[in-house]
Amino acid sequence: MKQNLKVIGEHTNHIFKQNTQITQLGKSGQIHEAVKLFSEMTRKNTVTYNSMISALNKNGKFNDARHLFDNMPRRNLVSWNTMIAGYLHSDRIDEAYRLFVKMPKRDRFSWTLMISYFTRKGELEKARELFDLFPHKRDVAFWNVMIRGYGEKGRIVEARRLFDEMPLRVVVSWNLMLSCYTRNGEMRLGREFFEGMALRDVVSWNLMVDGFIEVGDLDSAWEYFEKTPYPNVVSWVTMLCGLARSGKILEARRLFDQMQNKNVVSWNAMISAYVKDYQIEEAARLFSDMANRDSFSWTTMIDGYVHVGRLDKARELLNQMPYKDIAAQTAMLSGYIKNKRMDEACQVFNEIAARDIVCWNTMIVGYSQMGRMDKALDLFKEMKDKDLVTWNTMIIGYAQIGEMEEAVKIFNGMKIKNVVSWNSLITGFLQNGLSMDALTSFKLMVHEGITPDHSTFACSLSACANLAALQVGKQMHNKVLKSGHLNDLFVGNALITMYAKCGRILCAQLIFDDLDEVDVISWNSLITGYALNGYGKQAVQLFEQMVSKGRAGMLSEAFEVVRGLKIRANAGIWGALLAACKTRGNLKLGKIAAEQLSEFEPRKTSNFVLLANMQAEAGSWDEVENTRLSMKYTEAEKQPGCSWIEVRHQLHCFQSNMPMQPETAEVYSNLKTLTSQISNLDCVSKSSLLDNL
DNA sequence: TATGCGTAGT
């Protein structure tokens, strides 16, 4: 009898050990080893099955997990919960919920699992529904999970309402409420709440420090950090990261050196600070000094090498990494893809045991951005669980290589579409010169009840511009006004272009004037608009206005405008640029402007003088000499302004200070009449425009 | 409460 008990005890002990091993193997991504062990086990208990299900779930093998779940001899509560967790992890909410409903008994864990899943996904209404349905007394964890959910969605008011309703609050509840404020940049309210907190611990202080860092108020962060009664390692790391993020890497290092109890995270944070500052050698030094590295340390270094373009070094590290986790592998993968080294990317991709959906998508995006839709399609077909990103990427990929039929096929194959799917289709039509189809899609989209976003409007307005479809464009403008996207730069710029291309340059000007901020594209659109509508003079004036604005860097942006200008830049534009370069002392751009200008006005002395002066101010005396020489060489001299016109096959030349000719008086008189007519026209269209708005 | 990676549309 004793002997038998001993044997049973040993068996139990053995099974227990093997079960634990399965769990461990599953966690470290060694799923094949786990399966092997499982199939070799002669005695299994319910925990064995549960461990195996969990291991399969953790490695993305949800169907195998379900199969095992359906065929296991006896299921307990943990089996159900494990399977539900797997479904939730793979976003199969419906199946998870079906199991949740079907399970014979639910414990607190099952409920919290479902509720916290919904709060994490930001689907708070569903979470709230379950929360309200919970049949027993809700413990404090339920409330906390809801508050966290509201906080993460920025719904502070609802979080606060729930917080105020709570029958019992522990310090975690107080901190969660505080984090709603600090995580959403509401530091004024946060501070107020913090002052009134009934329960406070070091976490509360850390949250305040982190919150201030997040809004860029480093002084207040430092103040709270110094005031923290018993700072822990998190306090130090938070402050260290704050300093690093504001580029104060020396101060961060000083803090790091002062730390008494450094842990892995402190080291990782410091390494990450160096990596973000492109100081890869210093990061490597710290990395090699570390006693205990974790997967964060490895990933940070691998990513660091990727970002300085040393892919081979990154790969070397990945090979050395003891337990490769998905983050490190993904860093390597995206490094290869960004450098278009697809063969090596493929290799890494194949090495990843627990490939998640993003890994697949990353590969597909890589191929599609290279125009390799054949390869993208292979992966797309191979993929079991596709999400919206997968489908949308395929649409975009086909559109970019001009295969709109394929793009439409993919689009039509989608069961669920979101606004990005529609935008991708509309953009595709637009890019392939099918503006009419773009507008039709817009109508369909609205008809199907999808709310257009700023991107939809920007694209569809471009389509209107291409078609010079003023009426549709106006209707869309109206929709933009109602949608609240008017102040979006992309939409604003598209509106400017639309009105300009439809010949309503004054409307374009009004849109431009109303924008809160403008960028190069806005200027470009407006200037091009004036030029297209025959207002050359205004275009040049506007351009001068643009280069004379205060902002540093505007000068190079102005050059970008000229380069991107749909019309060929003329002497006026280059002259304005040259003058602006002189004012700002930008010799480099000045030379380019002068060079261009010499093509239009090879003999205009003032251009040469301006350039020579700039060179002199910069102390480049050799260049001054060269400019003077080339001025002589081209015999630059003051040339009178001159203009030609062809009338009935005869060329007429007008020159300023030209002696009176018989027609001259008549010409001037006609010109005066025309000018006044044009300015009257301007007034008319402006006032009728105002009436319309 | 702190550290690492990655996917779609202008």
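Residue numbering restarts at 1 for every chain, and letters A, B, ... go by the order of the sequence lines.
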* Asked: Rounded to the nearest 0.5 Å, what separation is found between the CG atom of A/Leu189 and the CD1 atom of A/Ile156?
  -> 7.0 Å

* Structure fact -> Side-chain contact check for A/Asn232: nearest option of B/dG4, B/dT1, B/dT7 is B/dT1

* Asked: What parts of residues 254-273 of chain A reach DNA chain B, counting only heavy atoms under 4.0 Å away?
  -> A/Asn263, A/Val265, A/Asn268, A/Ser272

* **Presence of salt bridge, A/Glu316 and A/Lys313, under 4.0 angstrom** => yes

* **Strand-adjacent residues in residues 452-465 of chain A, judged by heavy atoms under 4.0 Å from DNA chain B** => A/Asp453, A/Ser455, A/Cys459

* To do: Please work out which residues in residues 392-404 of chain A have a non-hydrogen atom less than 4.0 Å from an atom of DNA chain B and list them by number.
  => A/Asn392, A/Thr393, A/Ile396

* With a 3.5 Å cut-off and just heavy-atom distances, do the side chain of A/Asn418 and the base of B/dA8 make a donor-acceptor pair? -> yes

* Asked: Are side-chain heavy atoms of A/Leu218 and A/Leu243 found at a separation under 4.5 Å?
  -> yes

* **Pairs satisfying ring pair (Phe, Tyr, Trp, His ring centres under 6.0 Å), at least one member in residues 383-437 of chain A, at least two apart** => A/Phe380-A/Trp391, A/Phe411-A/Trp422

* **Approximate separation, where rounding is to 0.5 Å, of A/Leu486 CG and A/Leu515 CG** => 7.0 Å

Show which side-chain atoms of residues 347-356 of chain A pair as donor or acceptor with protein atoms under 3.5 Å away, not counting sequence neighbours.
| unit_1 | atom_1 | unit_2 | atom_2 | d |
| --- | --- | --- | --- | --- |
| A/Asn350 | ND2 | A/Cys346 | O | 3.2 |
| A/Glu351 | OE1 | A/Arg315 | NH2 | 2.9 |
| A/Glu351 | OE2 | A/Arg315 | NH2 | 2.8 |
| A/Arg355 | NE | A/Phe349 | O | 2.9 |
| A/Arg355 | NE | A/Ile352 | O | 3.4 |
| A/Asp356 | OD1 | A/Val358 | N | 3.4 |
| A/Asp356 | OD1 | A/Cys359 | N | 3.0 |

* Between B/dT1, B/dA8, B/dA2, which nucleotide gets closest to the side-chain atoms of A/Thr238? -> B/dA2

* Structure fact -> Applied to residues 442-466 of chain A, the salt bridge (charged side-chain N to carboxylate O under 4.0 Å, His left out) test, sequence neighbours excluded, yields none

* Are the aromatic rings of A/Trp174 and A/Phe193 close, with centres under 6.0 Å apart? -> yes

* Asked: Quick one, which residues of residues 186-194 of chain A touch DNA chain B with a heavy atom under 4.0 Å?
  -> none

* Who are the salt bridge (charged side-chain N to carboxylate O under 4.0 Å, His left out) partners of A/Arg200, not counting sequence neighbours? -> none

* Quick one: ring pair (Phe, Tyr, Trp, His ring centres under 6.0 Å) pairs with a partner in residues 231-266 of chain A, sequence neighbours left out? -> A/Phe225-A/Trp236, A/Phe256-A/Trp267

* Option from A/Asn206, A/Asn144, A/Asp201 for which side-chain hydrogen bond (donor to acceptor under 3.5 Å, both in side chains) with A/Asn175 holds -> A/Asp201

* Heavy-atom check, side chain of A/Met498 versus side chain of A/Ser462, under 4.5 Å -> no

* **Under 3.5 Å: donor-acceptor pair, side chain of A/Asn432, backbone of A/Gly428** => yes

* Pairs involving residues 478-496 of chain A, ordered by first then second residue, that meet salt bridge (charged side-chain N to carboxylate O under 4.0 Å, His left out) (sequence neighbours left out) -> none

* **Residue pairs involving residues 369-384 of chain A (criterion side chain to side chain donor-acceptor pair (under 3.5 Å); sequence neighbours excluded)** => A/Arg372-A/Asp374

* Where the side chain of A/Val419 is concerned, which of B/dG9, B/dT7, B/dG6 is the nearest nucleotide? -> B/dG9

* Report yes or no: is there a donor-acceptor pair, N or O only, under 3.5 Å between the side chain of A/Asp294 and the base of B/dG4? => no

* To do: Determine whether any donor atom in the side chain of A/Asp356 lies under 3.5 Å from an acceptor atom in the base of B/dG6, or the reverse, and answer yes or no.
  => yes

* OP1 or OP2 of B/dT3 less than 4.0 angstrom from a side-chain nitrogen or oxygen of A/Lys276, does that happen here? -> no

* Asked: At under 4.0 Å, does any side-chain N or O of A/Arg183 touch on OP1 or OP2 of B/dA2?
  -> yes

* The side chain of A/Leu388 lies closest to which of these nucleotides: B/dG9, B/dA8, B/dC5? -> B/dA8

* Asked: Of all of residues 296-312 of chain A, which get a heavy atom below 4.0 angstrom from DNA chain B, listed by number?
  -> A/Phe296, A/Thr299, A/Thr300, A/Asp303

